[in-house]
Number of protein chains: 2
Amino acid sequence: MPSRRARPRTGLTREKVIDAALAFVDEHGLAALSNRKLGAALGVEGMTLYYYVPSKAAMLDGMVERLLELSAGDLFAEPAGQWTDVVREFAVALRRMLLDHPAMLTVLATRPAATPAALALLERGITVLREDGVPLGDALDVLNAVVSFTLGHTLAEAGETPGHEGTEPDPGQFSTLDPATYPQLAEALGTGTGLDAEARFHRTLHILLAGFAAELDGAR
Amino acid sequence: MPSRRARPRTGLTREKVIDAALAFVDEHGLAALSNRKLGAALGVEGMTLYYYVPSKAAMLDGMVERLLELSAGDLFAEPAGQWTDVVREFAVALRRMLLDHPAMLTVLATRPAATPAALALLERGITVLREDGVPLGDALDVLNAVVSFTLGHTLAEAGETPGHEGTEPDPGQFSTLDPATYPQLAEALGTGTGLDAEARFHRTLHILLAGFAAELDGAR
DNA sequence: TATTGTTTTCTTACACCGCAAGAGATGTCA
DNA sequence: TGACATCTCTTGCGGTGTAAGAAAACAATA
């Protein structure tokens, strides 16, 4: 009675596993990700994945890393024009990327970002800014401000709830807002004021960049 | 042979359960929170908690809600002076509160914020700004910008990793940074440039508020 | 070809998790 | 006392991450 183990090789790779995990959470949400289910999607037993990725934490880190690698080209297009334009386009591209992968948004916001791909991105950003005359410390402040704001804003805009993905489409979550207890919010809702997340994002981004630029020009 | 069930009443309350959960994650981290362990901390079987809180998702939502309630007083002190000062103090208090409860930072960033306490806070903020002459739409933009930035910045500053809490103190995580591959970052590290998270937070916050104020003054 | 050794896959097992269902003790009130 | 609502516990299910190790698939060598 042979217990028939170990099917023929599947040609798996750490990279293939992580790419499959990215595709999996894009489709099913972060909460649905498990080694057994991901293994099934790859035609393999769950424990097999441990040969390529040593733990779930490493899996998540690898997914962040890979996502940054894959997006690096979009995030920093060829620097053209003022540093403010470069940074603005970076922020816009970052936001778009996060909205395209809402499940990864949570992971990205939650894991410390000192991975090679993240550091490389930061390094490149600093270089661009310095080449345009921005001092090192200011370059760090600008990039930190823009990334923090973009991440925070996109989280509020599209933040999925781990474990809740897809359970609450909740389209009119604000439509049932009592005007007596929340008069201001009810008014905003009624008049449609301030509901355009994208416009708000661009406005604040502009203020942020213009503010830094003014400070730097004043110091020069 | 009586199977000896149901100990005498413990005087538990939904509020007590949630407060205990807040204390638990403050001490042990978010990943350690489970009904069985929280029950043990309260001298009760794990399943008992389901009588007070219907699910883990409801537990997390309740914790956010309660934290906001408890902090509401600190977050909006009596409005004194310009709206910019009020908002600045709000942001500083919010950051301090988040740093005091790093485990809740992840939860707060991750859950949609349309709960009564959050809405009440927002409502109050809008009111303060409008009383100082800020139009509704701009008030929403200002508050959204400040909250997004504060949350994003604090996440990057102190973001705990769910499941990793306390496993990596990692004090010198940047100390082993290769100057060949990351010359800019190595320089920043070597000269100590831009490592003060608090100073950076205040600087960006100032730019943000001054930028909005300038826009509003210009429009008046 | 036969044998050895490495790489890959699978099986089994464990402790833990959230939660559904329901039993039974505790306390309250007529 | 009895009836009733409130509270706590027990049991059980399917899921998770992962430790340990057996066994099949392949590569290389004798």
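Just so you know, these numbers come straight off a predicted model, no measurement behind them.
Residue-level contact check: Leu42(A) touches neither bases nor backbone, having no heavy atom under 4.0 Å from any strand.
A salt bridge links Arg95(B) with Glu157(B): at least one charged nitrogen is closer than 4.0 Å to a carboxylate oxygen. At a threshold of 4.0 Å, the pair Arg203(B)-Asp196(B) does not count as salt-bridged, since none of the basic side-chain nitrogens sits closer than that to a carboxylate oxygen.
dG18(C) atom C1' lies 13 Å from atom NZ of Lys37(B), rounded to whole Å. With rounding to whole Å, Glu45(B) atom CD is found 7 Å from dC9(D) atom C1'. A straight line from OH of Tyr51(A) to P of dT6(C) spans 12 Å, rounded to a whole angstrom. Atom CG of Leu38(B) and atom P of dG18(C) are 10 Å apart (whole Å). If you measure from atom CG of Leu49(B) to atom P of dT8(D), you get 9 Å, rounded to the nearest angstrom. The distance from atom CE of Met47(A) to atom C1' of dG17(D) is 9 Å, rounded to the nearest whole Å. Here dT26(C) presents its C1' atom at 15 Å from CG of Leu12(B), a figure rounded to the nearest Å. When rounded to the nearest whole Å, the span between NZ of Lys56(A) and P of dT16(D) equals 8 Å.
Heavy-atom nearest nucleotides on DNA chain C were determined for Arg9(B) and for Asn35(B), and the one closer to the 5' end corresponds to Asn35(B).
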Test side-chain contact (heavy atoms from CB on, under 4.5 Å) applied to Trp83(B) and Leu209(B), step by step: CA-CA 9 Å; Trp83(B) 65 264; Leu209(B) 292 175; 4.2 Å; yes
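The shortest distance between the side-chain N/O atoms of Tyr52(B) and the OP1/OP2 oxygens of dT8(D) is below 4.0 Å. Look at Thr10(B) and you'll find a side-chain N or O under 4.0 angstrom from OP1 or OP2 of dT8(D).
A heavy-atom distance below 4.5 Å is not found between the side chains of Val25(B) and His101(B).
A donor-acceptor contact under 3.5 Å is formed by the side chain of Arg36(A) with the base of dG17(D).
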